[in-house]
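Have a look at the structure below before the remarks.
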There are 4 protein chains.
Amino acid sequence: MFQLDYMDHSPLYEQIKEKIKALIISGVLKPNERVPSVRELAQSLTINPNTIHKAYKELELEGYIYSIRAKGSFVTPINRKINPGRQDDLLLELEKLVSELAYLNIPQEQLLSRIEEIYKKGRQRNHD
Amino acid sequence: MFQLDYMDHSPLYEQIKEKIKALIISGVLKPNERVPSVRELAQSLTINPNTIHKAYKELELEGYIYSIRAKGSFVTPINRKINPGRQDDLLLELEKLVSELAYLNIPQEQLLSRIEEIYKKGRQRNHD
Amino acid sequence: MFQLDYMDHSPLYEQIKEKIKALIISGVLKPNERVPSVRELAQSLTINPNTIHKAYKELELEGYIYSIRAKGSFVTPINRKINPGRQDDLLLELEKLVSELAYLNIPQEQLLSRIEEIYKKGRQRNHD
Amino acid sequence: MFQLDYMDHSPLYEQIKEKIKALIISGVLKPNERVPSVRELAQSLTINPNTIHKAYKELELEGYIYSIRAKGSFVTPINRKINPGRQDDLLLELEKLVSELAYLNIPQEQLLSRIEEIYKKGRQRNHD
DNA sequence: GTGGTCTAGACCACA
DNA sequence: GTGGTCTAGACCACG
C-alpha cells in the first residue's frame, strides 16, 4: 500500500496519517470504502498495531475516517462535516507558505497555475 | 517583539525560529538589521538563553541571519540563494496543502485571491 | 423508526436501547403498545437479530418493556417504580453535567428555560 | 489525590479524566496550576504511565489542561476557548437526562433548586 | 525530570 | 476478526 521512511524524523504514526490522508484526497480510497484493518496494516508495514491504531484514531478525530468496533475502519463521506477549524489552520499555513515563496521570488504565475491544475484534477475525480 | 504559545506543542526553539523568520519575511526586520541579542530575547521571553541560541544557530544554517562574533546577529540581505532545495520543499508542501483544501471544497477563487494579496504586499515592500 | 449512527462509538445494542427508551419517554410508544419484533427491527436496520435481542433484554431488565412469549414485547405502563436507585443515578449525573455547564459559563437561565420546556411537554402528553 | 474504582466497568483512563475534570470544575485545581506529572500520578495510582498519558491527552483535546514537553501539564485558564461543540453535546445530554427525570415524575422544582445551588457555588468560587 | 513515541504482548467487548 | 484498553519497559527530544 505504501512504505515508511525510517530516515524521516517525524513519528511513524504521523507518516501513516499523511499517507492515508493522501490516498483519500487523491481518490484512491473512495468514501465509505474500507481501510486496511489495524492488524493487517501493522503486519504489512511490520510495525506495532498500537502505532497504526494511534494514526487511525487521529485520522478519525480530523474527520477523514471512522472506525467501528468489530467491523473495521472506513473513509468518511465528504458531506459529513470535517473538523471545523481545520480549514482555518490550513489556510493560515498556506499564507505562511506563500509569504515565504513570495520572499524567495517565486513568480506568482507559477503558484496560480499549479493551484488551478490541482483543482482541475479534483473536479475530474468528482465527475467519475 | 513576539510571544510564545505554550499551548503549541512545537518546541520553543522552533517557535522562535518561525517567529523571527516571519518578521524577516514580512519586512519588519530589514536586511542587515540587527536581530535582538540572545540574552535580550531570553530575558524578554523569560526562557533559557540556550533555547534562543539553538534557534539562532538554525536560522543561520538556513541562511536567514548571519552572526558576527562579539557584534550580534543580522538579517541576511541576499534573498535568492537561501538553502537550495528549500523552494522545492515549499512547493511540494504547497501542493499537498492545496490538494487538501480542494478536497475540503474550499473555493479556488478564495485561494487565488489570498495569494494575489500576499504577492501585492510583497511588491509594495520592495518599492519602499 | 430510527437510524443507527455508525460514527457513534457506543455499541449498537446500546444505541438501540437508547433510541427505544427515548421513544417511550417522548410518548411515541404508548404504555402497553407493542414494540417492533426482534426480527422486524433487525431487518429494517439490517443488523444481526442477536444485537436487537440483547438491547430488548436489557430494556426489560431496566423495566421499560416487558415481553410475552410468542406475542412480542410491550411498553411497561407503570412509570414510578422502574429501577430503584435509577433516579439517584440520574440526579448525580445531572449535577455533574450542570457543574460542567456552569464552569463553561453557560447562562443559568438557558438551562432553567430548557428544563421548563421539557416538563411542559411532558405535562401536555399526560393530558392527552 | 483520588482513587480508582476497579469495579467500575469504564476504562481507567476515563475514570482518571472524570476525576481530574471534577477537580478542575470544583476549583481544587486552579487555572494554570500544575497537574501531577504523568509518572507521579501513575506511581501514586500504581498504574501504567501510558494510561495517564492517554487521559491527559484527551483532557487536553477537550480543553481542560495543556501539556508542555519537559515542563508538565497545567490547567487551562477558562478564557481560552474550550472545544466548541462540547457545549452542545452537554446540552443535548442534559435534555435527555431531564426528559427521563420528567418521565419518572421527579418534581420540576427539585431540579431547578439543585441547579441554582450549583450555579451559586460556582459564582462563589469565582469571587474568591 | 518532563511529555511523547514505540514495541511486544495480553485481554476484552462486540458483531 | 475487529477495534479498544492496558501493561511493562525502552528510548528520545526538550529545557
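None of the values given here were measured: they were computed from a predicted structure. All heavy atoms count here, side chains included; hydrogens, waters and symmetry mates do not. Naming convention: chains lettered A, B, ... in sequence-line order (proteins, then strands); numbering from 1 in each chain.
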Checklist entry - Want to settle it: does D/A70 or A/P11 sit nearer the 5' end of DNA chain E, counting the closest nucleotide to each? => result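 With D/A70 and A/P11 compared, the 5'-side residue is D/A70.
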
Item to check | From E/dG3, E/dA15, F/dG15, nucleotide with atom closest to B/T51 side chain | outcome: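 Selected nucleotide: F/dG15.
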
Next on the checklist: Closest approach to the side chain of A/K57, judged atom by atom: which nucleotide of F/dT7, F/dG3, F/dT5 is it?
Outcome noted: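 Minimum distance to the A/K57 side chain belongs to F/dT5.
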
Next on the checklist: Just N and O in the side chain of D/K54: are any of them under 4.0 Å from OP1 or OP2 of F/dG4?
Outcome noted: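 No, outside the criterion.
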
Item to check | B/Y13 vs F/dC14: side-chain N/O to OP1/OP2 distance below 4.0 Å | outcome: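 For B/Y13, the contact criterion (side-chain N or O under 4.0 Å from OP1 or OP2 of F/dC14) is met.
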
Checklist entry - So what does D/I68 hit on the nucleic acid, given a heavy-atom distance under 4.0 Å: a base, only sugar-phosphate, or nothing? => result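 D/I68: backbone/sugar contact only, no base atoms under 4.0 Å.
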
Next on the checklist: By the 4.0 Å heavy-atom rule, please label D/N50 as base, sugar-phosphate, or nothing.
Outcome noted: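 Since a base atom lies under 4.0 Å of D/N50, the category is base.
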
Next on the checklist: Strictly below 4.0 Å, N to O, side chains only: are B/R86 and B/E62 in salt-bridge contact?
Outcome noted: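 Salt bridge: no.
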
Checklist entry - Does a side-chain N-to-carboxylate-O contact under 4.0 Å join B/E93 and B/K96? => result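 Looking at B/K96 together with B/E93, the answer is no, because their closest N to O distance does not fall below 4.0 Å.
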
Checklist entry - Please walk me through it: do D/E60 and D/K57 pass salt bridge (charged side-chain N to carboxylate O under 4.0 Å, His left out)? => result CA-CA 5 Å; D/E60 185 169 15; D/K57 188 85 183 198; 5.5 Å; no

Next on the checklist: For residues 31-47 of chain A, which residue pairs pass the side-chain hydrogen bond (donor to acceptor under 3.5 Å, both in side chains) check, not counting sequence neighbours?
Outcome noted: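 The answer is A/N32-A/Y66.
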
Checklist entry - Closest nucleotide of DNA chain F for B/S10 versus for D/T46: which of these residues is on the 5' side? => result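 Result of the comparison: D/T46.
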
Checklist entry - For DNA chain E, what string of dots and brackets results from 5' to 3' when Watson-Crick and G-U pairs need both distances under 3.5 Å, crossing pairs get [ ], and pairs with another strand get |? => result ||||||||||||||.

Item to check | A/R39 CZ - E/dC12 C1' separation (whole Å) | outcome: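 Whole-Å distance recorded here is 11 Å.
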
Item to check | Donor-acceptor pair under 3.5 Å, D/N48 side chain vs F/dA8 base | outcome: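 A donor-acceptor contact between them is present.
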
